[in-house]
Amino acid sequence: MKKWVILFITLSLLIGIYFSIQRDQNIQKNVETLIIHDKNMVIGINYPKTGISPLDTKIKNQVDQIYQDFIKEYGITKNENESAELNIDYHYNIVSVHYINIVLEKFISSSSLAHPINEIYTYVYDSNDKRFLGLEDLITQEELEKLVPKIQKELMDQYPECFSVQQLNQKLSPIFKNFPLFTFTDEDLNLYFNPNEIANGSCGIIDTTIPLDHINLKIEDIELGTNTTKEYTVLKETSKVIDPHKKMIAITFDDGPGRYTKDILKTLTKYDANATFFVLGNKVEVYDETAREIVKQGSEIGNHSYNHKWLIKLKSDDFIDQVNQTQSIVKRITGITPKVLRPTYGSVNDTIRKNTNLDIVLWNVDTLDWKIKDPKQIANRVIGKVEDGDIVLMHDTHKRTVEALKIILPELKKEGFQFVTVSELKEAQLLRKLDE
Ligand code: ZN
């Protein structure tokens, strides 16, 4: 009899573990990236891909729509002085293993617009029940009635110039359809309102946060406060000797980390090579393990902004924000602080130069791997063309880049090249100068 009980307990434990693994594996954490730089028009799009098809389809359709509308409106710039930018950023949070919360943020700016256009889209999906959730799935009507005065007070405090009490009473009556945009974490409920919805457009996107422990939730299985942010310190796992008198190049990868970064690291290790990865803060948050792999492999992490905004178009405060946010994310997730910065789209101005202590690193060999589809052709832009001291631009957002690297490294190794990080390259160049 006892044996049966034990067997039953063991079995149910195993089933429990099996299900939790299954549930975890259902949700992928991938980010799709599209970066285009076409003279005066730039596009920087990042959006999540979860592996859950109704959710992915909905997000992709929205992104496609935004992209097509942008191209229609700004695709052909009428004159040289006109410029346009589309940026799509995201925030991504999984609560209690199965509630997926996603925010997409659209940003369009153009010299023909007086103000940039900003818009937010939210998606809350329950992967157990396989359905999208509205706020009415989280709280009762009664609870909403209790919540509305709190929300109004928060908004008045946060945006004193944007509202009058009267306005808020009118626009935020306790009806669920007044609150279509929301997400939640394991601590807070976040509410969003697009420009002109409840406040004047010049107030931008309005958002506010209410702690979940102040709310009676209809959903019972949200574990509050379980997502503690862990800090990591990782160390290089290899050491290599660089001969400053032998020829060397620095290969750099922009716009990651992503799903191909680990393959790139494997290829680098195979040929004794290191590289520099200019990362986006919003992707390091998703590919945290990969970011640590970069450091362990002996490669360098550089800063490439938080969400790939066109940095030369930003006010100095916003530029500093983009850089600092990424610095602290990389520090928290890997333990290292980047020393080098590659401005987005390779464009630099005085605001950038004046407002950072990081070394600004561009490139002098462009593989055009974002445009050329054939790995061999990409490789041919490097093999036989690079010289000692060159910095090569690639992107760890394409599979073809991994293939191209597999062609490039053995060839150049035969030619006697060493593959170093940009900081190592700079050091070696200093040593050479001292020897002269
Ligand atoms: Zn980039």
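Order of appearance sets the numbers: ligands from 1, and atoms from 1 within every ligand. Positions are given from 1, in the same order as the sequence printed here.
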field: Metal site the Zn ion (ligand 1): N/O/S of His395 inside 2.8 Å
entry: no
field: Atom name of the N, O or S atom in Asp255 that lies nearest to the Zn ion (ligand 1)
entry: OD1
Lys/Arg-Asp/Glu bridge criterion (N-O < 4.0 Å) met for Lys150, Glu154: no
- prompt: When the aromatic ring centroids of Tyr99 and Phe184 are compared, is their separation below 6.0 Å?
  reply: yes
- request: State whether Lys309 and Asp321 are salt-bridged, where the test is any N-O pair (Lys NZ or Arg NE/NH1/NH2 against Asp/Glu carboxylate O) under 4.0 Å.
  value: no
- prompt: Is Asp254 close enough to the Zn ion (ligand 1) to have an N, O or S atom under 2.8 Å?
  reply: no
- prompt: Hey, is Asp435 close enough to Arg432 for a salt bridge, meaning N to O under 4.0 Å?
  reply: no
